[in-house]
Enquirer: 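Structure below; questions to follow.
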Amino acid sequence: QVHLVESGGGLVQAGGSLRLSCAVSGIVFRIGVMGWYRQAPGKQRDLVASITDGGMTHYADAVKGRFTISRENSNDTVFLQMNNLKPEDTAVYYCAANRAPGPIDMSDLWGQGTQVTVSS
């Protein structure tokens, strides 16, 4: 089955940076919107950022000015550059993608999750 493969998580100190990547595994005809969710222990899963196939981006208020989402359509790959990381960014980050021209919350492809831990 087609799915997404994530990499780039790790443990960093506050103020540091990480770059997450997410690539399609398998054959797909097209990919619409792609994005990143995160889920901290005991909390719900929240959308962090998304990017459409046309390049329009969205960011959660908590990460605006610090995170940048980008995309390589030729490789069906999405990145999340995370700068000035804070302890509250600690979470499991999940990549998502929608093969149809619909919203990110209707994604039908999901990554396995990658742990991001930010120490104070």
Side-chain angles (χ1 to χ4, degrees):
Q1 185 177 2
V2 177
H3 61 280
L4 304 177
V5 179
E6 304 177 25
S7 63
L11 195 160
V12 298
Q13 291 184 306
S17 298
L18 286 172
R19 183 175 174 86
L20 307 183
S21 64
C22 170
V24 174
S25 177
I27 303 300
V28 297
F29 180 75
R30 57 162 279 123
I31 297 289
V33 66
M34 301 185 75
W36 295 90
Y37 288 82
R38 68 185 182 186
Q39 187 168 26
K43 297 184 178 181
Q44 68 178 13
R45 184 191 66 181
D46 293 322
L47 179 65
V48 177
S50 65
I51 182 168
T52 69
D53 52 352
M56 182 173 294
T57 59
H58 165 84
Y59 297 95
D61 288 341
V63 306
K64 286 180 179 177
R66 299 188 297 119
F67 290 10
T68 302
I69 190 169
S70 60
R71 184 170 178 171
E72 290 186 6
N73 289 326
S74 61
N75 295 325
D76 293 324
T77 303
V78 66
F79 304 92
L80 186 67
Q81 178 67 44
M82 305 184 294
N83 297 327
N84 192 24
L85 283 161
K86 303 176 180 180
E88 51 262 45
D89 295 319
T90 295
V92 178
Y93 285 69
Y94 297 92
C95 181
N98 196 338
R99 286 176 285 185
I104 188 67
D105 61 1
M106 294 294 179
S107 294
D108 60 349
L109 297 175
W110 291 89
Q112 80 280 10
T114 185
Q115 177 70 48
V116 171
T117 302
V118 184
S119 62
S120 60

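Quick note: residue numbers are just sequence positions, from 1.
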Enquirer: Specify the closest pair of heavy atoms between Gln115 and Ala91, including all atoms of both residues, with the distance to one decimal.
Expert: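 Answer, listing the atom of Gln115 first, then Ala91: NE2-O, 3.4 Å.
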Enquirer: Distance check, rounded to the nearest 0.5 Å: Tyr94 atom OH versus Thr114 atom OG1?
Expert: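 Those atoms lie 10.0 Å apart.
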Enquirer: Taking all non-hydrogen atoms of both residues into account, name the closest pair between Val78 and Cys95 and its distance.
Expert: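 Between these two residues, the closest heavy atoms are CG1-SG, 3.6 Å.
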Enquirer: If you round to the nearest 0.5 Å, how far is CD of Glu6 from CG of Leu20?
Expert: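 Reported to 0.5 Å precision, the distance equals 7.5 Å.
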Enquirer: Side-chain heavy atoms nearer than 4.5 Å, only ILVMFWY residues, links allowed to pass through others: does that put Val92 and Trp110 together?
Expert: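 Yes, same cluster.
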Enquirer: Look up atom CZ in Arg30 and atom CZ in Arg99, then write down how far apart they are to the nearest 0.5 Å.
Expert: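 Here the interatomic distance stands at 11.5 Å.
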Enquirer: Given the rule in the salt bridge (charged side-chain N to carboxylate O under 4.0 Å, His left out) test, do Asp89 and Lys86 qualify, once you have shown the distances and angles that lead to the verdict?
Expert: CA-CA 5 Å; Asp89 295 319; Lys86 303 176 180 180; over 6 Å; no
Enquirer: Measure across Ile104 and Tyr37 and return the closest heavy-atom pair with its distance rounded to 0.1 Å.
Expert: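 Taking Ile104 first and Tyr37 second, the nearest heavy atoms are O-OH, 3.5 Å.
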Enquirer: So, for Pro103 and Asn98, which heavy atoms are closest and what is the spacing to 0.1 Å?
Expert: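 Closest heavy-atom pair between Pro103 and Asn98: O-ND2, 3.1 Å.
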Enquirer: Which atom pair, heavy atoms only, marks the closest approach of Ser25 to Val5?
Expert: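 For Ser25 and Val5, the tightest heavy-atom pair comes out as CB-CG2, 3.8 Å.
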Enquirer: Kindly compute the distance separating CG (Leu80) from CZ (Arg71), expressed to the nearest 0.5 Å.
Expert: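 So the gap between those two atoms works out to 14.0 Å.
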Enquirer: In sequence, state the C-alpha distance, the side-chain angles, and the governing distance for Val33 and His58, and then conclude on side-chain contact (heavy atoms from CB on, under 4.5 Å).
Expert: CA-CA 11 Å; Val33 66; His58 165 84; over 6 Å; no
Enquirer: Look up atom CD in Gln112 and atom CG in Leu4, then write down how far apart they are to the nearest 0.5 Å.
Expert: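 CG of Leu4 is found 9.0 Å from CD of Gln112.
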Enquirer: Looking only at non-hydrogen atoms, find the nearest pair between Pro87 and Ala14 and report the distance.
Expert: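 Where Pro87 meets Ala14 most closely, the heavy atoms are CD-CB, 4.1 Å.
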Enquirer: Given side-chain contact (heavy atoms from CB on, under 4.5 Å), test Val12 with Met82 step by step and report yes or no.
Expert: CA-CA 11 Å; Val12 298; Met82 305 184 294; over 6 Å; no
Enquirer: Out of curiosity, does Phe79 fall in the hydrophobic cluster containing Val116 (side-chain heavy atoms, cut-off under 4.5 Å, transitive links)?
Expert: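 Hydrophobic grouping puts Val116 apart from Phe79.
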Enquirer: For the pair Val24 and Val2, evaluate side-chain contact (heavy atoms from CB on, under 4.5 Å) and give the outcome as yes or no after the intermediate values.
Expert: CA-CA 7 Å; Val24 174; Val2 177; 3.9 Å; yes
Enquirer: Would you compute the distance between atom CE of Met34 and atom CD of Glu72 and round it to the nearest 0.5 angstrom?
Expert: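 Between atom CE of Met34 and atom CD of Glu72 there are 11.0 Å.
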Enquirer: Would Tyr59 and Tyr93 show up in the same hydrophobic cluster when neighbours are defined by side-chain heavy atoms closer than 4.5 Å?
Expert: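 Yes, one cluster joins them.
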Enquirer: State plainly whether one hydrophobic cluster holds both Leu85 and Ile69, where clusters connect Ile, Leu, Val, Met, Phe, Trp and Tyr through side-chain heavy atoms under 4.5 angstrom apart.
Expert: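 Yes; tracing contacts between hydrophobic side chains, which count when under 4.5 Å, links both residues.
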